Amino acid sequence: MEAVTKHRTLLLWAVGLGASVAVTWLLLSRRKKKRQLRRVGEVYQLFLYPVKSCRGIPLQEAECREYGLKNGQLRDRHWLVVKEDKVHVTARQEPRMVLITATCGKGHLTLSAPETDDLQIPLKLPTRNEIFTCKVHGNEVQGRDCGEEASDWVTSFLKSSQTYRMVYFEDQMKPRNPINEYPLYNENDQVAYPDLAPFLLLSEASLANLNTKLEKKVTIRNFRPNIVISGCDAFAEVRLFSSVTSS
């Protein structure tokens with residue numbers, strides 16, 4: 001994957017090692033005529049979250065696409081639970097969402113959860129299904145309704161007193177522009193249902209540093225990253241982001 005800025009390119013170079021994935025994270029400087037590579041860490045874990053706020057899937061490999069990670073027919077945070085007013089719902093409001101697992105096969109997204117029958121949702125939804133204008137953190141983004149059965153399943157599992165629906169972001173739909181929420185982005189940056197960015201990055205060192213300050217330790221999964229980095233200093237990912245965006 002290459003995330004190109006005006007002067008620099010962030011490159012993820014992946015090599016499979018048995019049951020694990022080793023990725024060397026390199027920074028290419030274009031400011032000089034001769035390109036220079038500088039090793040700044042390794043990616044050792046990848047996660048994809050098909051439904052926003054539901055359980056993540058650990059991966060050995062993934063494609064880096066414009067709207068985030070892709071593995072087979074699964075795409076990161078392309079399904080969304082919304083309230084009747086079409087405002088997004090996350091585990092902040094409904095903690096039981098993290099118990100829902102989404103997998104894919106034979107043209108269907110399968111939702112699984114404890115003590116509940118699985119639900120299968122067609123990956124290609126009927127065109128008669130309504131397209132909603134939803135809101136994620138106050139910003140509008142479209143989504144096609146996944147149908148009554150999906151609505152009933154999610155509402156029932158979450159034991160909600162109100163009706164929830166599930167929507168899916170299709171390629172032809174209008175995405176969100178995170179510049180409305182965070183000015184370091186530019187007008188060409190686009191996301192579907194993630195909070196801000198198509199790729200969420202976290203380092204082991206940053207997590208370890210945080211846990212030295214906490215009585216109750218947290219894990220990588222508390223932060224729901226797509227890419228977990230090792231072999232760098234604490235908060236190196238923040239410094240890298242600042243250097244890239246300021247170039």
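Counting begins at 1 with the first residue of the sequence. Everything numeric in this text was worked out from a predicted model, so none of it was measured.
Cys64 SG to Ile227 CD1: the interatomic distance, rounded to the nearest 0.5 Å, is 5.5 Å. A distance of 14.0 Å separates CG of Leu80 from NZ of Lys135, quoted to the nearest 0.5 Å. Considering CZ of Phe157 and CG of Asp117, their distance stands at 12.5 Å, rounded to 0.5 Å. Distance check: Gln142 CD to Arg176 CZ gives 13.5 Å after rounding to the nearest 0.5 Å. We find the CZ-CG distance between Phe47 and Leu59 to be 8.5 Å, quoted to the nearest 0.5 Å. Atom-to-atom distance recorded for Thr127:OG1 and Lys124:NZ is 8.5 Å, nearest 0.5 angstrom.
Shortest non-hydrogen contact noted between Arg65 and Phe199 is O-CZ, 3.3 Å. Among all heavy-atom pairs drawn from Phe235 and Ser203, the shortest one is N-OG, 4.2 Å.
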Candidate pair Leu74 and Leu109, rule side chain to side chain contact (heavy atoms under 4.5 Å, CB included), full reasoning: CA-CA 8 Å; Leu74 285 179; Leu109 179 78; 3.7 Å; yes
Test log, rule side chain to side chain donor-acceptor pair (under 3.5 Å), inputs Asp189 and Asn177: CA-CA 6 Å; Asp189 291 323; Asn177 188 325; over 6 Å; no
Verdict with reasoning, Thr110 to Leu119, per side chain to side chain contact (heavy atoms under 4.5 Å, CB included): CA-CA 6 Å; Thr110 299; Leu119 171 71; over 6 Å; no
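Contact check on Asp171 versus Arg144 returns no salt bridge, with no Lys/Arg side-chain nitrogen under 4.0 Å from an Asp/Glu carboxylate oxygen. Using a cut-off of 4.0 Å between Lys/Arg side-chain N and Asp/Glu carboxylate O, Arg96 and Glu94 are scored as not salt-bridged.
Side-chain atoms of Ser112 and Asp118 form a donor-acceptor pair, as typed in the model, at a separation below 3.5 Å. Between Glu84 and Tyr164, the side chains place no donor N or O within less than 3.5 Å of an acceptor N or O (distance only, hydrogens not considered). Looking only at atom types and distance, the side chain of Thr133 has no donor-acceptor partner in the side chain of Glu140 under 3.5 Å away.
The backbone N or O of Asn226 lies less than 3.5 Å from no partner atom in the side chain of Asp76, so there is not a single donor-acceptor pair. For Thr116 (side chain) and Pro114 (main-chain N/O), a donor-acceptor pair under 3.5 Å exists by modelled atom type. Between the side chain of Ser53 and the backbone N or O of Ala91 there is at least one donor-acceptor pair closer than 3.5 Å. The backbone N or O of Val167 lies less than 3.5 Å from no partner atom in the side chain of Asp145, so there is not a single donor-acceptor pair. Judged by distance alone, with hydrogens and angles left aside, the side-chain atoms of Arg75 form no donor-acceptor pair with the main-chain N or O of Phe169 at under 3.5 Å. When atom types are taken as modelled, the side chain of Lys216 and the backbone of Val218 share no donor-acceptor pair closer than 3.5 angstrom. Thr212 places a side-chain N or O within donor-acceptor distance of the main-chain N or O of Asn209, the cut-off being under 3.5 Å. Ser151 contributes no side-chain N or O that, together with a main-chain N or O of Gly147, makes up a donor-acceptor pair within less than 3.5 Å.
Atom NZ of Lys217 is surrounded by more than 12 heavy atoms from other residues, nucleotides or ligands within 6.0 Å. Around atom CD of Glu115, no more than 12 heavy atoms belonging to other residues, nucleotides or ligands sit under 6.0 Å away. With a 6.0 Å radius and a threshold of 12 heavy atoms from other residues, nucleotides or ligands, Glu149 has its CD atom at or below the threshold. The 12-atom threshold is exceeded at NZ of Lys213, counting heavy atoms of other residues, nucleotides or ligands nearer than 6.0 Å. Within 6.0 Å of CD in Gln162 there are more than 12 heavy atoms belonging to other residues, nucleotides or ligands.
Side-chain contact between Val51 and Leu111 is present, with at least one heavy-atom pair separated by less than 4.5 Å. For the pair Ile100/Arg55, no side-chain contact is recorded, criterion being any heavy-atom separation below 4.5 Å from C-beta on. Proximity of Ile220 to Pro225: side-chain heavy atoms (C-beta onward) are separated by under 4.5 Å at one or more points. Side-chain contact between Leu125 and Cys146: present, with at least one pair of heavy atoms (C-beta onward) separated by less than 4.5 Å. Looking at heavy atoms from C-beta onward, Glu61 lies out of side-chain contact with Leu46 at the 4.5 angstrom threshold.
Taking the six-membered ring where tryptophan is involved, the planes of His78 and Tyr67 are tilted, since the angle between them lies from 30° to 60°.
For the pair Lys52 and Tyr193, the NZ or CZ position fails the cation-pi test of under 6.0 Å to the six-membered ring centre and within 45 degrees of the ring normal.
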